[in-house]
Structure formats: structure tokens, C-alpha cells
Protein chains: 2
Amino acid sequence: MAQMNNVTPLFKDMAKLEHDHRVACQECSLYRLCLPLGLHNKDLAQLDKIIKRSQSHKRGEALFTTEHAFKSLYVVRSGSFKTTISATNGREQVTGFYFPGEFIGLDALYQESYQSNAQALETSSVCELPFDSLQELGKDMPQLQVQLLSRLSKELSGDKSLMLLLGKKTADEKLATFLLSFSKRFSDRGFSATEFHLTMSRGDIANHLGLAVETVSRVFSRFQEEGLITILGKGIVLRDIAKIKGLCG
Amino acid sequence: MAQMNNVTPLFKDMAKLEHDHRVACQECSLYRLCLPLGLHNKDLAQLDKIIKRSQSHKRGEALFTTEHAFKSLYVVRSGSFKTTISATNGREQVTGFYFPGEFIGLDALYQESYQSNAQALETSSVCELPFDSLQELGKDMPQLQVQLLSRLSKELSGDKSLMLLLGKKTADEKLATFLLSFSKRFSDRGFSATEFHLTMSRGDIANHLGLAVETVSRVFSRFQEEGLITILGKGIVLRDIAKIKGLCG
DNA sequence: CCGTTTTATTGATGCAGATCAATGTGATTA
DNA sequence: TAATCACATTGATCTGCATCAATAAAACGG
């Protein structure tokens, strides 16, 4: 944990924080953001046993797709991922971005089949939770179930906000909201709330927010002219958070 | 159950199906769509004990709002509801419509506070599940937890599809998708897949799909001209499901 | 390191759907 | 059953953002 709180250099992003893949939950820097929160030591040890700590996934590599058989839930360990779903005609929607400590695959529980595709945005690693084992474990560990419910509920709540964003907000509001949401998530993880890297492409951002790439570029440029932010390629500095907040609608 | 499967008259909507508020889960016509599915008799009896079967809510009445203290989850028993969230500036987004057997309030679990407002669209009733009791019960009833997880996951999955709809679909595609989703939900409940009542206003539909009321009206009218549907006020007849499917994108 | 490809920016134009406006229709109440 | 009110339809106009087009600047592979 110390590891994370001490590191907030300019544009040092989370991918840099790779650590030993085998470190147990107790020692993991993500502990306080992650599933095991609130479990007793004994339970934690049991959970620890079923977790597979996978090798890293390279940028662009799929963690899973809707074609794969459902087997596991995943928690991001380092790096970042995006999830997408596709319409029959090939159009895609980026349904979410995922950072360390966040769950991927929760929408697969119902039907026990992946409903989306998950792809690494940079070199990233995950903790794999085989669903069978997790369910088995859950039978004698109500606290674990509660945690899972809580995670699902949190994502649900976030998705409802995204519906508001997609359905009712202007391009400016969408991007302001997007920037603040990232700011919050980075700062929750011990990083700067005002300076960070966007690990995804402008295309991914645009897609996620229901905009065209060109619009994202233009709005970012204008925000910069207006002194709200500074853009350095994928790096962003928030210069006036108050004003950005005012733009969220 | 018989009750529901036998009833598919033209435009007889679900509100008409009101039944004794005190009927137990075992005898409830919604059993096979509802939470208790898969519970043993003994567990079911226990669940039954904590459920409060509320009096009916009139059209427009709030089931809960974000102002209320979180206390319970709800399952629609008869009628229908909508949920909304509001932006700071007063704009609202209709985040969902809910029919018998469907859960309301799942996004409140995380934070244990209601994140949305729920309102009856017609005279409706619910089964109230006090969260404390539910959690208590869940400790010795893993199957119940699994059911809850499954419900949450289903809603999550639906919301992701809605993100695709809101972010990437045209007005025609949105409305075609909307009509088919309702067709499916009605037919799942033993009603006609081709003839049903829309219990919500055009405004609610428009809002939910990220459109203006006028657009909804216009597209419905054009769909009618093209022989896809027939409109009789709030009543809808789907005349060419295949073609409507083709329009969903 | 250079050539190639991908991604991002900036400008010019077009259009789907919003907004504005007027009228119609069905519900509710007295 | 008329009066009122909320909701729905239809037409005319406007606009935010998409799309098209042309560079520019990174990222990548050899």
C-alpha cells in the first residue's frame, strides 16, 4: 500500500506499478480497494488459494471475448482494460474502462457466458477468480457474497450514470464528466488527481461517450485554449477542476 | 401461473392481473420469473416470512426516491414502474422500466442508499424485501445469494445493451429495439408478443431512449405507414416482427 | 534510423434529430 | 357532458455534432 501512496510523479501511470505476480492479497497494494476487503484472515487465506495470478497481457490482447467459454471473473491487478459489446452490424460500444482493483466480467454471471469483450489497453495483469471455486467458497463465506453484491451494485450504479451521460449530456459535459471520473479513480489509487495518462485512444474515449473522434479532439483543444486543461499527447493536466466540475451538468 | 398463461386478450395489460396481496410465493403466478426460483420449500417458507406485500401504488406515486432512507429492495408484483436519475441541473434520465417479477433498487446495495427514483406508471403493487432481513437470511441460504447475484448481473447486462443503444443507434433502431424488448418481456409473462399496452407516456419512452417526444411520435407514425405496426393510442400491435428485427441494428 | 502505419488534429460541409409552433385527442373533474 | 388539462401528433426550422477531407504527429517494424 505504501508503494502506491508514495508515488505520484508527473505522468507516471499505473502500468509502471507492476509488482510480483505472486504477492498474496494481504500484501497487495490494492487490498483496500479490492474484493477481500472485510474478510477475516482465515477467509482471506482461503480466497487467496483459489486466485490465479496470471501472466501479463500485452496492449490489444483480449482477456476474453464473447466467444470464450465463461470460466472466471477478473480483477485488474496492474494496467487497464476496456470492455466492448457489438451490435449485429459490427458497430461496437466501449462499455467501460477498468483500473486496478476493479472487476471485469460481472455481467457474465447471469447466463454464465461472457456478454462483452475485454481487452488490455496497455501491458496489464489480472487476478483470475475461477467462478466455480468462488461460488463454492461463497457458500460458507457470506461476507464474500456481500462483497460481490456490492461490486455488482456499484457497477450498476455507474452504468445508470452513464445512461444519463449518453442520453442527456452535450459533448462538453460528456468530456468534463469523463475527465473528473478519471481524476477520482486515479486519486483513489494514490495517484495525482490532476495529472495522469489516458491509456486509451481518442477513438475509445469517443466511442465510450457516444461522440466522434473529431469532437473529442476539438473539445479537448478548446478546453486547453480556455485554460481548463493542458494536453501532452496522452497526458492530461487538469488546471481548473472547479470550472470543469461546473461543466458536468 | 395458470392465471397468466391463459390470459392473452387484445390489450389486456398486466395491471388487470391484480391478485390477492397476501398470496404466498408458492402460489404466486410470477414464481417462475421471480427471486425464489430454485429455493427449497423450507428456504422458500423462510423467505416468504420476511416479504412485506404492500398496498398498491397509484399512477405517478413514488415507490422511493433518492431522498428516502434505503430500507428495502422491491419486486414488482403487478403493474409497472419507471426509475429515473437526475443531473444537478434538473435534467432527468429514465433508466429503466420494470414489470412483474423484476427487481427495483439493486443499485442501492452499494452505499446502502437509493441512487434513483422509482415511480408507478399505473396502479401497481410490489413485494417488499427488507434488506436487513434479506441479508440475515442470505447467510444460511447461499442459493438466495446466487439468485440475487444473477438478478444484478442480468440488469447489468441489460444496461450495457442500453449503452450501445444510446451511444450508437439511430432513432429508428432505438424504437425497433424498444418494441422488441417489450414484446419479449410481455411474452415471457404469458402475454401476447404482438399486442400490448405501453403503460408509460411517449415522453418517458423518448427520455429513456435519448430522443425527443416528437421523434418518437414521428417514427411510430412512419412505422405504421410502412405496415410494421398499428398504433391505437397506448396500444401497439406488431405487424411484422421480422422486419422490425431487421431494423434493430 | 527511416519508411510505413496508425492515431490525432483541424477545417469545411451536411444531416439526423432537436426545438419551436400549432393543432388534435384523450383523460379527468365537477 | 362540458370544461379543463395533460399528452400526442404533425409541420417548419434550426443546430450540435457527425461526416468528409486533408494534414500532422506519434508509434511501430525492420
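Excluded from the calculations below are hydrogen atoms, water molecules and symmetry mates; all remaining heavy atoms, backbone and side chain alike, are included. Throughout, a chain's letter reflects where its sequence line sits, starting with A, and its residues are numbered from 1.
For B:R239, the side-chain contact (heavy atoms from CB on, under 4.5 Å) partners at least two apart in sequence or on another chain are B:T230, B:V237. Remark: A:S201 pairs with A:D204, A:K234 by the side-chain contact (heavy atoms from CB on, under 4.5 Å) rule, at least two apart or across chains. In terms of the side-chain contact (heavy atoms from CB on, under 4.5 Å) criterion, residue partners of A:L247 (sequence neighbours excluded) are, by chain and number, A:A176, A:F223, A:L228. Remark: A:K160 pairs with B:E155, B:D159 by the salt bridge (charged side-chain N to carboxylate O under 4.0 Å, His left out) rule, at least two apart or across chains. By the ring-ring contact (aromatic ring centres under 6.0 Å, His included) test, B:F103 pairs with no residue at all, sequence neighbours left out. Take B:K52 and apply the salt bridge (charged side-chain N to carboxylate O under 4.0 Å, His left out) test, not counting sequence neighbours, and it matches no residue. Every residue meeting the side-chain contact (heavy atoms from CB on, under 4.5 Å) condition with A:Y110, not counting sequence neighbours, appears here in chain and number order: B:S150, B:S153, B:K154.
For the helix from C:dC1-D:dG30 to C:dA30-D:dT1, the angle separating the two terminal helix axes comes to 60°, with each axis derived from five pairs and the value rounded to 10°.
When heavy atoms are screened at a 4.0 angstrom cut-off, B:S201 is found touching the sugar-phosphate backbone but no base atom. When heavy atoms are screened at a 4.0 angstrom cut-off, A:G203 is found touching the sugar-phosphate backbone but no base atom.
Aromatic ring centres of B:Y74 and B:F81: separated by at least 6.0 Å. Annotation: B:F182 is in aromatic contact with B:F99 [ring centroid separation under 6.0 Å].
When DNA chain C is scanned 5' to 3' for any atom under 4.0 Å from a heavy atom of chain A, the first and last hits are C:dA8 to C:dA12.
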Could you list the protein-to-nucleotides 22-30 of chain D atom pairs, N/O on both sides, closer than 3.5 Å?
none

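Ion pairing between A:K71 and A:E128 holds under the 4.0 Å rule for side-chain N and carboxylate O.
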Open item on the list: Within the 4.0 Å limit for protein heavy atoms, which parts of nucleotides 13-21 of chain D are touched? Write it as a string from 5' to 3', B for base, S for sugar-phosphate only, - for none.
Closed with: ----SSBB-
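Under the side chain to side chain donor-acceptor pair (under 3.5 Å) criterion, the residue pairs touching residues 215-225 of chain A are A:D172-A:R222, with sequence neighbours excluded.
Residues A:S183 and A:I241 share a closest heavy-atom pair of OG-CD1, 4.3 Å.
Between B:R189 and B:S29, the closest side-chain pair of non-hydrogen atoms is not below 4.5 Å.
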